[in-house]
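Report on the structure given below.
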Amino acid sequence: MNRYPESYEDSIQNKSAFWMSQASHLDWYQQPTQGVSQEGDFYRWFKGGKLNTAYLALDYHVANGRADQHALIYDSPVTGKIQHFTYRELRDEVARFAGVLQSKGLTKGDTAIIYMPMIPQAAIAMLACARLGVIHSVVFGGFAAHELAIRIDDAQPKVLIAATGGIEIQRKISYMPIINEALEEASHKIDHCIIYQRTEVAGDLIDGRDFDWDTLMATAEAAAPVELDATDPLYILYTSGTTGKPKGIVRDNGGHATALKFSMQYVYGVDPGDVFWAASDVGWVVGHSYIVYGPLLHGCTSIMFEGKPIKTPDPGTFWRVIDQHKVKVLFTAPTAIRAIKKEDPNGTHRQSYPMQTLKFLFLAGERCDVATHEWASQLLNVPVIDHWWQTESGWPMLANMVGLELMPIKPGSAGKPVHGYDIQVLDLEGHEAPTNQEGILAIQLPLAPGALMTIWGNDARFHKGYLERFPGYYLAGDGAIKDEDGYLYITGRIDDVINVAGHRLSTAEMEEVVAAHEAVAECAVIGIEDALKGQVPVGFVVLKGGVDIASVELEKELIQMVRSKVGPVASFKRAVVAIRLPKTRSGKILRRTMRAIADGKDYNMPSTIEDPAVLGEITALMENQKMGIAFQ
Ligand code: COA
Ligand code: AMP
């Protein structure tokens with residue numbers, strides 16, 4: 001392929017031809033007849049094509065010389081286990097679990113929820129669904145019962161596939177009480193639960209409802225991959241939006257497989273046979289694309305790591321994994337690097353591990369501050385590549401495409417547009433923003449293959465949330481600046497979505513919980529900058545008249561409520577009482593202005609503000625509470 005500028009232009013100007021050529025690298029049952037096609041608001045990729053993603057990720061490699069190569073290495077410092085699966089072994093497990101699903105009556109087009117920690121069974125369950133055309137929806141283990149219930153009601157699954165628990169450093173999290181509560185709360189009723197019993201966190205199964213994974217697998221027959229249309233959905237993955245209800249991002253099969261294979265080679269610069277490690281979780285899009293599907297579609301070895309960057313057992317654990325399993329590319333979130341830096345600022349642990357195979361460190365999920373970028377570059381002595389994407393895209397949209405050519409690295413920038421994504425920075429009127437001026441990141445339609453098809457069961461929300469603001473463009477929800485060399489700098493979300501330790505969360509969802517407290521008249525939850533996690537949520541609450549509750553007591557109760565409704569991953573640890581909140585004359589809380597005050601940024605006095613004096617009160621409150629830590 002040509003170098004970056006020419007091939008990128010080709011991917012935009014000759015979109016269909018360019019991607020049809022990329023698609024031809026896959027082993028389709030039937031080649032597609034069309035590149036991109038439009039139906040109203042929707043674009044579809046590779047109509048006429050028939051394929052199976054699990055076949056491409058496993059059977060294809062077994063039949064083409066990789067049967068004995070490791071497909072997956074499960075490395076779990078929290079249990080002390082390391083387990084290797086060759087492509088043949090993983091294919092066999094997946095085929096058998098697909099047989100289990102078939103025996104429970106699941107067929108193409110059904111949905112299944114997967115609620116599992118970072119164990120191989122999670123990947124096996126995902127791939128088994130893909131094998132049958134069952135649409136999976138993985139729910140992150142750090143979400144509470146209520147969040148699981150919301151997703152059950154939205155996805156309407158026939159089956160819930162889960163494990164009995166997860167392990168957070170040393171804390172054992174029992175999943176069964178969470179599952180029981182979620183199933184109780186959900187109005188949609190599930191036929192069966194298939195539960196993987198973990199010896200480390202055993203759980204009680206309920207007779208008649210729950211079936212033991214191992215027992216079913218012992219007698220299961222392997223199921224063959226089912227021929228699917230390129231446009232059939234592969235999975236739904238819920239992500240936070242600006243309301244209390246998460247959005248089910250729907251991904252197709254054909255565009256997804258084509259895009260991920262392309263990205264492994266040209267974005268990440270790995271070849272089949274290389275070891276690739278995304279230190280994320282299967283509950284997030286990074287885990288879907290780069291722990292499970294991407295590396296396997298490309299014939300790589302993928303690492304599934306059940307641990308944290310620190311304390312499992314020490315801040316050298318990432319370097320140990322890279323060294324031991326010969327990792328070529330590590331992908332993680334900047335927060336993980338900040339956590340390591342905090343515990344081991346001089347990089348002492350790194351000295352024990354030569355890491356000769358490591359070629360690149362990729363970072364995404366949140367803004368990477370320059371200090372973290374520089375620290376990692378010096379410590380690892382490899383190029384550190386910040387790149388930008390979203391659950392919606394499923395794969396990178398801005399990057400330094402090292403598989404084509406390593407462009408000069410500019411710390412603070414997430415790079416240049418990736419093939420297929422025509423990325424623009426627009427002003428409020430929808431015109432191109434001047435160079436070096438902040439604007440709104442928008443992408444000219446159609447998006448590249450692999451990007452979302454719609455929001456599950458809610459085409460209207462898809463249209464309203466992404467397409468309405470600038471006709472002909474997809475609104476990404478981020479602000480950005482383009483410099484004179486065409487590099488983009490992401491300046492943060494333009495809505496109320498926040499990023500906490502690389503986890504995307506909705507402040508609206510937390511506000512719903514906080515507002516439900518009997519003492520609270522109204523509230524605002526905003527994300528403020530945090531030196532470790534990038535952002536953390538903070539609640540500002542106004543009490544109902546006549547309520548008598550100590551603020552410390554109230555804070556404790558609110559923290560507990562958010563923890564048990566949204567989940568510990570929300571990291572909601574602060575709630576302060578305010579006399580009143582800044583609002584517009586029409587009653588809208590000025591969250592963005594509050595955020596700017598907390599982060600010490602300049603802001604314009606909103607012309608619609610009801611009473612400007614409130615901003616002074618809020619500023620004093622924040623100062624009083626020692627809030628607002630800009631980390632640069
Ligand atoms: N199941 C149950 N609980 C979970 C969980 C899971 N899968 N994941 C996180 N939690 C809990 C944590 O135990 C913690 O609980 P606590 O409040 O009782 O301590 C809480 O949710 C917050 O978790 P986290 O934000 O991960 O903070 P942490 O202090 O435990 O760890 C880091 C901080 C930086 C080490 C950690 O966030 C990290 O490794 N981040 C990497 C980011 C990442 O992988 N992002 C994915 C996108 S690329
Ligand atoms: P998620 O859907 O969880 O992947 O979160 C996507 C959001 O994370 C984006 O819209 C951005 O706000 C943020 N994000 C992801 N990668 C980056 C990055 N490299 N730099 C800045 N923000 C990022």
Side-chain angles (χ1 to χ4, degrees), residues 115-118 122 139-144 165-175 178 201 237-241 247 249 278-291 305-312 315 317-318 331-343 362-369 373 385-399 412-415 441 452 475-480 488-495 497-505 527 530 532-536 559 562-563 566-573:
Y115 187 62
M116 285 186 144
M118 283 288 287
V139 178
F140 177 62
F143 282 128
I167 302 165
E168 279 293 295
I169 308 184
Q170 282 166 352
R171 193 160 51 95
K172 295 186 174 166
I173 319 272
S174 194
Y175 281 13
I178 302 173
V201 205
L237 180 58
Y238 287 87
T239 190
S240 300
K247 310 186 264 198
I249 301 301
S280 177
D281 188 289
V282 283
W284 306 114
V285 69
V286 178
H288 280 61
S289 297
Y290 295 112
I291 296 173
F305 175 72
E306 189 183 24
K308 299 253 174 180
I310 51 171
K311 300 195 172 88
T312 54
T317 193
F318 271 25
F331 174 174
T332 190
T335 192
I337 302 297
R338 289 197 295 268
I340 296 171
K341 180 179 161 200
K342 193 168 169 215
E343 295 228 335
F362 279 82
L363 299 173
E366 51 167 335
R367 191 170 74 85
C368 180
D369 53 292
H373 192 282
I385 313 290
D386 182 7
H387 64 325
W388 170 83
W389 51 299
Q390 309 178 304
T391 306
E392 287 85 342
S393 67
W395 66 292
M397 297 186 278
L398 288 174
S413 164
L441 196 154
L452 79 168
L475 180 76
D478 282 301
L488 280 105
Y489 297 73
I490 301 295
T491 53
R493 296 286 309 190
I494 55 170
D495 53 20
V497 167
I498 58 170
N499 251 286
V500 182
H503 309 314
R504 174 165 159 185
L505 298 161
D530 178 79
L532 174 65
K533 298 195 177 189
Q535 279 184 305
V536 287
I559 290 171
V562 175
R563 210 177 158 85
V566 180
V569 71
S571 289
F572 182 86
K573 302 210 163 148

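Excluded from the calculations below are hydrogen atoms, water molecules and symmetry mates; all remaining heavy atoms, backbone and side chain alike, are included. In each ligand, atom 1 is the first atom listed, and ligand 1 is the first ligand listed.
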Subject >> Polar atom proximity, Lys308 to ligand 1 (N or O, under 3.5 Å) >> reply: yes
Original post:
What are the two closest non-hydrogen atoms of Pro117 and Glu306, and how far apart are they?
Top reply: CB-OE2, 4.2 Å
Original post:
Does ligand 1 have a heavy atom under 4.0 Å from the side chain of Ala279, from its backbone, from both, or from neither?
Top reply: backbone
Subject >> Atoms in ligand 1 flagged as close to Ser280, the criterion being non-hydrogen separation under 4.0 Å >> reply: 44 (O), 46 (C), 47 (C), 48 (S)
Original post:
Does a side-chain N-to-carboxylate-O contact under 4.0 Å join Lys311 and Glu343?
Top reply: yes
**OP:** For ligand 2, note which part of His503 has a heavy atom under 4.0 Å away: side chain, backbone, both or neither.
**Re:** neither
Original post:
How far is atom 6 (C) of ligand 2 from its nearest protein heavy atom, and which residue and atom name does that atom have?
Top reply: Trp389 O, 3.6 Å
**OP:** Could you list which atoms of ligand 1 come closer than 4.0 Å to a heavy atom of Pro309?
**Re:** 35 (C), 39 (O)
Original post:
Does Trp284 reach ligand 2, in the sense of a heavy atom lying below 4.0 Å from it?
Top reply: no
**OP:** Run down the list Arg493, Gln390, Glu366 and name the one with the heavy atom closest to atom 18 (C) of ligand 2.
**Re:** Glu366
**OP:** Please identify which atoms of ligand 1 are closer than 4.0 Å to at least one heavy atom of Val569.
**Re:** 21 (O)
Original post:
Would you say atom 32 (C) of ligand 1 touches the protein, meaning some protein heavy atom is under 4.0 Å from it?
Top reply: no
Original post:
Numbering the atoms of ligand 2 from 1, which are under 4.0 Å from a heavy atom of Thr391?
Top reply: 1 (P), 2 (O), 3 (O), 4 (O)
**OP:** For Arg367, counting its heavy atoms only, list the atoms of ligand 2 lying under 4.0 Å from any of them.
**Re:** 20 (N), 21 (C), 22 (N)
**OP:** List the steps, then state whether ring pair (Phe, Tyr, Trp, His ring centres under 6.0 Å) holds for Trp389 with Tyr290.
**Re:** CA-CA 13 Å; Trp389 51 299; Tyr290 295 112; 5.6 Å; yes
Original post:
According to the interplanar angle, ranging from 0 to 90°, do the rings of His503 and Phe140 count as parallel (below 30°), tilted (30 to 60°) or perpendicular (above 60°)?
Top reply: tilted
**OP:** Report, in ascending order of atom number, the atoms of ligand 1 lying under 4.0 Å from any heavy atom of Val286.
**Re:** 48 (S)
Original post:
Against heavy atoms of His387, which atoms of ligand 2 measure under 4.0 Å?
Top reply: 16 (N), 18 (C), 19 (N)
Subject >> Asp281, any N or O under 3.5 Å of ligand 1 N or O >> reply: no
Original post:
Which protein heavy atom lies closest to atom 12 (O) of ligand 2, and at what distance to 0.1 Å?
Top reply: Asp478 OD1, 2.6 Å
**OP:** Would you mind listing which atoms of ligand 2 come within a distance below 4.0 Å of any non-hydrogen atom of Asp386?
**Re:** 18 (C), 19 (N)
**OP:** Would you check whether Cys368 reaches within less than 4.0 Å of ligand 2, judged by its heavy atoms?
**Re:** no
Original post:
For atom 5 (O) of ligand 2, what's the nearest protein heavy atom and its distance?
Top reply: Arg504 CD, 3.4 Å
**OP:** Starting from atom 8 (O) of ligand 2, find the nearest protein heavy-atom neighbour and note its residue, name and distance.
**Re:** Asn499 ND2, 3.1 Å
**OP:** Check each atom of ligand 2 against the heavy atoms of Ile490 and keep those under 4.0 Å away; list them by number with element.
**Re:** 21 (C), 22 (N)
**OP:** Fit a plane to each ring of Phe305 and Phe318, take the angle between them on a 0 to 90° scale, and name the class: parallel (under 30°), tilted (30 to 60°) or perpendicular (over 60°).
**Re:** perpendicular
**OP:** Keeping the roles fixed (side chain from Ser289, backbone from Gly394), state whether a donor-acceptor pair exists under 3.5 Å.
**Re:** yes
**OP:** Quick one: look up the protein heavy atom nearest atom 29 (O) of ligand 1 and list residue, atom name and how far away it is.
**Re:** Lys533 NZ, 3.5 Å
**OP:** Just let me know how Phe331 lines up against ligand 1, side chain, backbone, both or neither, with a heavy-atom cut-off below 4.0 Å.
**Re:** neither
**OP:** Any atoms of ligand 1 less than 4.0 Å from a non-hydrogen atom of Gly142? List them with their elements.
**Re:** 1 (N), 2 (C), 3 (N), 4 (C), 5 (C), 6 (C), 7 (N)
Original post:
Does Thr312 offer a backbone N or O that forms a donor-acceptor pair with the side chain of Thr317 under 3.5 Å?
Top reply: yes
Subject >> Trp284, any N or O under 3.5 Å of ligand 1 N or O >> reply: no
Subject >> For Ser571, the ligand 1 atoms whose distance to one of its heavy atoms is below 4.0 Å >> reply: 22 (C), 25 (O)
Original post:
Judging by distance only, is a nitrogen or oxygen of Thr335 under 3.5 angstrom from one on ligand 1?
Top reply: no
**OP:** Can you sort out which atoms of ligand 1 are near Lys573, meaning under 4.0 Å from one of its heavy atoms?
**Re:** 17 (O)
Original post:
Does an N or O anywhere in Tyr175 fall below 3.5 Å from an N or O of ligand 1?
Top reply: no
**OP:** Would you confirm whether Glu392, through its side chain, and Ile249, through its main-chain N or O, come within 3.5 Å as a donor-acceptor pair?
**Re:** no
Original post:
Nearest to atom 16 (N) of ligand 2, what protein heavy atom do you find, and at what distance?
Top reply: Gly365 N, 3.0 Å
